[in-house]
2 protein chains.
Amino acid sequence: MTTEELILQAARKVFTQKGMDGSRMQEIADEAGINKALLHYYFRSKEKLFEKIFAEGLKQLLPKVQLSIEKSEGICDFVHYFIGNYLDLIKELPYLPHFVLHEINRDPTIIVNIIKGQGLPFALLQSLIDKDVAAGKIKPIQLEHLMVNMVSMVLFPVIARPIIQSVLFGNDENKFNDFLEERKSVLIPFVLLAIGAKTN
Amino acid sequence: MTTEELILQAARKVFTQKGMDGSRMQEIADEAGINKALLHYYFRSKEKLFEKIFAEGLKQLLPKVQLSIEKSEGICDFVHYFIGNYLDLIKELPYLPHFVLHEINRDPTIIVNIIKGQGLPFALLQSLIDKDVAAGKIKPIQLEHLMVNMVSMVLFPVIARPIIQSVLFGNDENKFNDFLEERKSVLIPFVLLAIGAKTN
DNA sequence: GTCTATAACCGGATAGAC
DNA sequence: GTCTATCCGGTTATAGAC
């Protein structure tokens, strides 16, 4: 493995755990088994290294959302795919939500630019809703509220894990993991019922 | 207003915007219109000042939750009170969710201890659910999922505000505020429907 | 109690040898 | 490319005058 990859791997670990402010170049160097000077040799500054890691993480998420939209024939399909795919990805990259949230205050433009760069087709989603409402399949709901509700319920448990695990599950890690496993089968019917769709 | 209160007010503002790591004692001093040394005179260290502010905010939240539980005769009452009160408080203290999230990584025990100190009566809530399920008023749902769902949908929009505002509302502050205003009237029926309760 | 001045320290960045 | 040594700015914290 090249030194550059070694550094990136170390940076990923440290940055995702402690955020930009909380991370130290020394710690990244130690984690990579090299010295501070090399970090600056490969990536001019801490800021540059950080943005590299940050963008890299976020770019894994968006194509999945894109795909969920394109595959869907009705809004219920979308609810299904979106929650399912999103939860699967979070299971693979549990650090990501925290990472994104951590940096929202510091500089939201980085995140926003990446999201906007993806060009998510919200208009297409809106038309799915309109069609299903007209067909009497669901109750009217604003796209914005539906999206925010779904994303909230998917991301928040992972973000607030330490608190939830401790307060609701007596800090039992296994119980919390079971809880996360259940989310998919709980959330999809929860949302479908909430928008007035028939559950199967 | 005493100097101590002046400092606390300034610290509240700075800490809640930038978190522990991102805040500077100098900035707090400037905000309070005094000098750095006085901060240390009144509150020995940055750490101590921070914890003071943090606990203070969190302690405003919990009694409201407590009250929501005690007032409720069925789980639908609770959904109503909980979401309503929670959203009202968030409107008053929009910094709080961010603040809490920011500190989850640093040291969750502070938060967890405060929450546990309140001694929320989850068993009572569970009995409300059981009763209403038995009476056929709602579909069975696990208390843990219901609670997490509600808290997620209340808190997340405020936490992720910069992203949501930009991506969904073209960075129009007024549109986002309207969106937040609608949350109460959207969320309560959303959750009630999701648990299979009759909407009025 | 409040200030100015400064100590003590830390962390990002650079110089320069190899 | 990789290292050691060092600089330099910024931040917390303290000393000491008023």
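Per chain, numbering begins at 1; letters A, B, ... match sequence-line order.
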Legend entry - side-chain N/O R24(A) vs dG12(C) OP1/OP2, d < 4.0 Å: yes
Legend entry - Cationic tip of K175(A) above F169(A) ring, under 6.0 Å, 45° of axis: no
Inset, instruction - Determine the contact category for S23(A): base if any of its heavy atoms lies under 4.0 Å from a base atom, sugar-phosphate if only primed atoms, P, OP1 or OP2 are that close, otherwise nothing. - result: sugar-phosphate
Inset, instruction - Please report, rounded to the nearest Å, how far the P atom of dC7(D) is from the NE2 atom of H40(A). - result: 17 Å
Legend entry - Between dA15(C) (P) and R44(A) (CZ): distance, integer Å: 13 Å
Legend entry - Mutual orientation of the aromatic rings belonging to F82(B) and Y86(B) [parallel < 30°, tilted 30-60°, perpendicular > 60°]: perpendicular
What pairs of nitrogen or oxygen atoms, one from the protein and one from nucleotides 1-4 of chain C, lie under 3.5 Å apart?
from	atom 1	to	atom 2	distance (Å)
dT2(C)	OP1	T3(B)	OG1	2.8
dT2(C)	OP2	T3(B)	OG1	3.1
dT2(C)	OP2	Y42(B)	OH	2.5
dC3(C)	OP2	N35(B)	ND2	2.8
dC3(C)	O5'	N35(B)	ND2	2.9

Inset, instruction - Please state how far atom NZ in K48(B) lies from atom P in dA13(D), giving the value in whole angstrom units. - result: 11 Å
Legend entry - Enclosure of K116(B) NZ (heavy-atom neighbours >12, cutoff 6.0 Å): yes
Inset, instruction - Measure the distance from CZ on F15(B) to P on dT11(D) and round it to the nearest whole Å. - result: 14 Å
Legend entry - For atom NZ of K46(A) and atom P of dT14(C), their distance in whole Å: 15 Å
Inset, instruction - Find the distance L49(B):CG to dT11(D):P and express it as a whole number of Å. - result: 16 Å
Legend entry - Nearest non-hydrogen partners of I138(A) and A197(A), listed with the distance: CG2-CB, 4.0 Å
Legend entry - Rounded distance (Å) that lies between atom C1' of dC10(C) and atom CG of D21(A): 15 Å
Inset, instruction - Determine, using ring centers only, whether F156(A) and F156(B) are less than 6.0 Å apart. - result: no
Legend entry - Least distance between heavy atoms, K184(A) atom then D88(A) atom: NZ-OD1, 3.0 Å
